[in-house]
Amino acid sequence: MTERRAYPSDLSDARWELIEPVLSAWRFERRGRALDFGRPPRHDLREIMNAILYVDRTGVQWAYLPHDFPPHQSVYGYFARWQKDGVFVQLNGLLRELVRRQEGRQATPSAGVIDAQSVKTSASVPACSQGIDAGKKIAGRKRSIITDTLGLLLAVLVTAASVQDSTAGRTLLEQAAADHPGLRKVWVDGGYRKHFVEHAATLGIDLEIVQRAPGARGFTPIPKRWAVERTYGWLMLHRRLARDYETHPHRSEAMIHLAMTDLMARRLTGENTISWRDPTPAHQSRIQG
C-alpha cells in the first residue's frame with residue numbers, strides 16, 4: 001500500500017484486522033475461479049475499503065474521490081461486486097455477533113424492532129424507484145430496517161417512499177425470520193396494520209404495536225422502540241445516507257450495511273465515530289486561527 005496522509009474515515013489497524021479475513025477470503029475464492037490466478041492483484045483491499053468508507057462518510061460522488069485512492073472506476077467496481085456477492089451483509093453479521101458477545105448477549109437475537117424512514121433522493125435516482133410518502137410529504141425512497149434491542153442491524157429493505165410500512169415490513173420480517181430463526185418478539189409503531197401482526201404470527205413471531213403516549217409532542221423516546229430510532233441517528237453520521245444517492249435500491253441497502261459495519265468496528269475497538277461538527281469551540285478556532 002502506498003504511503004499517504006490518512007483520512008479520518010480510514011480503517012485503523014485494529015478495525016482492519018476485524019474485516020480483513022472476510023475480504024481476503026472473497027478475493028481468494030474469486031481468483032480461484034479466474035483465468036489469471038497467477039497475476040498479482042492490482043489494488044490493495046484495505047485501500048479499496050478505505051475509499052468506499054470515504055464515500056460513505058463524506059457523501060462525495062465516486063468520480064470525486066481524492067487521487068491518492070485507487071481509480072474511482074475500480075473502487076466502484078469492488079463496491080458493486082461486494083454488494084452482489086453479499087460481502088457487506090457478511091461483515092455486518094460477523095461484527096454484530098462480536099458486539100453482542102461483548103455486551104454479554106447471545107450471538108443470535110431473539111427480539112427486534114422495526115421502523116421505516118423516508119428520505120429524499122438525488123437527481124440521479126431513476127423515477128421508477130421513487131414515490132411519495134403522503135404522510136410525511138417526502139418524495140423519494142423508504143428505508144425499512146429491523147434491529148436487535150441493542151440497535152444493531154438485522155435486515156434492511158429500500159423501496160419507493162410510496163410503499164406502505166406494513167407492505168415493506170412483511171418482506172423485511174420474512175427476510176429477518178429466515179436469517180435469524182431464533183427471532184420471537186418484534187416491536188413496531190402505530191403505522192403498521194393489524195394484518196401485519198397476523199402475518200408475523202404465521203412466522204412464529206409475536207409482533208407488538210407500541211403507541212405514543214396520548215398528548216405527547218415532539219420527540220419522545222418510546223419504550224422498546226427507542227433503539228431503532230437511535231440506529232437511524234447513528235446512520236446519519238454517514239453523509240452518503242443524508243439522502244438517497246444510489247441508482248439501485250440494493251446499492252442503498254449496501255451503503256447502510258457498510259455504515260453499520262463501520263460503526264460496529266469502531267465500537268469493538270473502542271474508537272469514537274467522528275461527528276460532522278467541529279469539536280473545537282468557535283471562539284477557540286478564532287484564537288488558533
Side-chain angles (χ1 to χ4, degrees), residues 1 7 9-34 36-37 39-60 62 65 69-100 107-109 143 145-148 152-158 172 175-176 178-180 231 234-235 238 240-241 244-269 273:
M1 184 176 80
Y7 293 103
S9 55
D10 281 357
L11 291 163
S12 65
D13 290 343
R15 282 185 285 138
W16 173 240
E17 287 181 6
L18 288 172
I19 69 174
E20 182 275 331
V22 173
L23 300 186
S24 293
W26 173 86
R27 170 170 275 177
F28 181 82
E29 192 274 336
R30 187 175 179 85
R31 293 188 67 211
R33 295 185 276 109
D36 59 348
F37 184 78
R39 184 191 303 177
R42 292 181 57 192
H43 301 297
D44 180 81
L45 289 176
R46 183 170 179 175
E47 277 296 85
I48 292 291
M49 180 57 85
N50 281 336
I52 296 173
L53 285 170
Y54 185 93
V55 170
D56 199 44
R57 279 287 294 161
T58 66
V60 70
W62 294 100
L65 272 170
F69 282 126
H72 70 88
Q73 299 93 334
S74 298
V75 174
Y76 182 78
Y78 272 88
F79 171 72
R81 287 195 292 269
W82 285 347
Q83 177 271 314
K84 184 177 180 180
D85 293 345
V87 171
F88 297 119
V89 175
Q90 184 181 357
L91 285 171
N92 187 77
L94 170 66
L95 298 188
R96 182 183 61 247
E97 289 188 7
L98 292 176
V99 172
R100 286 183 60 85
T108 56
R143 300 165 179 161
I145 64 172
I146 178 169
T147 72
D148 64 8
L152 307 179
L153 188 68
L154 302 182
V156 56
L157 178 68
V158 175
L172 185 72
Q175 176 186 337
D179 295 340
H180 308 281
T231 299
W234 291 341
L235 293 176
H238 297 76
R240 189 76 178 188
L241 300 178
D244 197 324
Y245 294 96
E246 314 310 321
T247 303
H248 305 291
H250 46 271
R251 300 278 160 77
S252 296
E253 295 167 3
M255 279 293 178
I256 293 172
H257 277 117
L258 177 65
M260 287 301 301
T261 295
D262 181 39
L263 290 162
M264 289 187 292
R266 290 178 181 274
R267 184 166 176 172
L268 287 165
T269 57
T273 300

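The figures here come from the full heavy-atom set of this structure, side chains too, leaving out hydrogens, waters and symmetry mates.
- When side chains are defined from C-beta on, Trp234 counts as touching Thr231, because their heavy atoms get closer than 4.5 Å.
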>> Under the criterion side chain to side chain contact (heavy atoms under 4.5 Å, CB included), I'd like the reasoning laid out for Leu18 against Leu98: C-alpha separation, chi angles, the key distance, then a yes or no.
In response: CA-CA 10 Å; Leu18 288 172; Leu98 292 176; 4.1 Å; yes
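- Contact annotation: the side chain of Asp179 never approaches that of Val89 to less than 4.5 Å [non-hydrogen atoms, C-beta and beyond].
- Side-chain N or O atoms of Arg267 include none that pairs as donor or acceptor with a backbone N or O of Val99 at under 3.5 Å.
- Between Arg15 and Thr269, the shortest heavy-atom contact is CG-OG1, 3.6 Å.
- The minimum heavy-atom distance between Arg96 and Leu153, with the atom names listed, is NH1-O, 2.8 Å.
- Across all their heavy atoms, Pro109 and His180 have their closest contact at CD-ND1, 4.0 Å.
- Side-chain contact between Glu253 and Ile145: absent, with no pair of heavy atoms (C-beta onward) separated by less than 4.5 Å.
- Contact annotation: the side chain of His257 approaches that of Val156 to within less than 4.5 Å [non-hydrogen atoms, C-beta and beyond].
- Rounded to the nearest 0.5 angstrom, Leu11 CG and Ile52 CD1 are separated by 10.5 Å.
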>> Before you tell me yes or no, could you show the steps for Val75 and Trp62 under side chain to side chain contact (heavy atoms under 4.5 Å, CB included), namely the whole-Å CA-CA distance, both residues' side-chain angles and the distance that decides it to 0.1 Å?
In response: CA-CA 8 Å; Val75 174; Trp62 294 100; 3.6 Å; yes
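- Scanning all heavy atoms of the two residues, the minimum distance from Leu65 to Ala51 falls at CD2-O, 3.7 Å.
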>> With side chain to side chain contact (heavy atoms under 4.5 Å, CB included) as the criterion, how do Thr261 and Met49 come out once you've worked through the C-alpha distance, each side chain's angles and the decisive distance to 0.1 Å?
In response: CA-CA 11 Å; Thr261 295; Met49 180 57 85; over 6 Å; no
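- Taking the side chain as every heavy atom from C-beta outward, Trp82 and Ile48 approach each other to under 4.5 Å.
- Counting only heavy atoms from C-beta outward, the side chains of Trp26 and Asp85 approach each other to under 4.5 Å.
- Among Gln83, Arg251, Arg240, the single residue meeting the side-chain hydrogen bond (donor to acceptor under 3.5 Å, both in side chains) criterion with Glu246 is Arg240.
- The salt bridge (Lys or Arg N to Asp or Glu O under 4.0 Å) check on Glu97 picks up nothing, with sequence neighbours excluded.
- Relative ring orientation between Tyr54 and Tyr7 is described as perpendicular, the plane-to-plane angle rising above 60° on a 0-90° scale split at 30° and 60°.
- The CG atom of Leu235 sits 6.0 Å away from the CG atom of Leu241 when rounded to the nearest 0.5 Å.
- Counted by atom type alone, Arg27 and Tyr78 present one or more donor-acceptor pairs between their side chains at under 3.5 Å.
- Residues Leu23 and Leu45 share a closest heavy-atom pair of O-CD1, 3.6 Å.
- In this structure, CG on Leu268 lies 9.0 Å from CG on Leu94, to the nearest 0.5 angstrom.
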> side-chain hydrogen bond (donor to acceptor under 3.5 Å, both in side chains) between Arg81 and Tyr76: does it pass, once the steps are laid out?
Replying inline: CA-CA 9 Å; Arg81 287 195 292 269; Tyr76 182 78; over 6 Å; no
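- When side chains are defined from C-beta on, His238 does not count as touching Leu258, because their heavy atoms never get closer than 4.5 Å.
- Note that CG of Leu95 and CG of Leu152 are 10.0 Å apart. Values are rounded to the nearest 0.5 Å.
- With hydrogens and angles disregarded, no donor-acceptor distance shorter than 3.5 Å links the side chain of Ser74 to the backbone of Pro70.
- Side-chain contact between Arg266 and Ser12 is absent, with no heavy atoms from C-beta onward closer than 4.5 Å.
- Of all heavy-atom pairs spanning Met260 and Asn92, the tightest one is CB-OD1, 3.3 Å.
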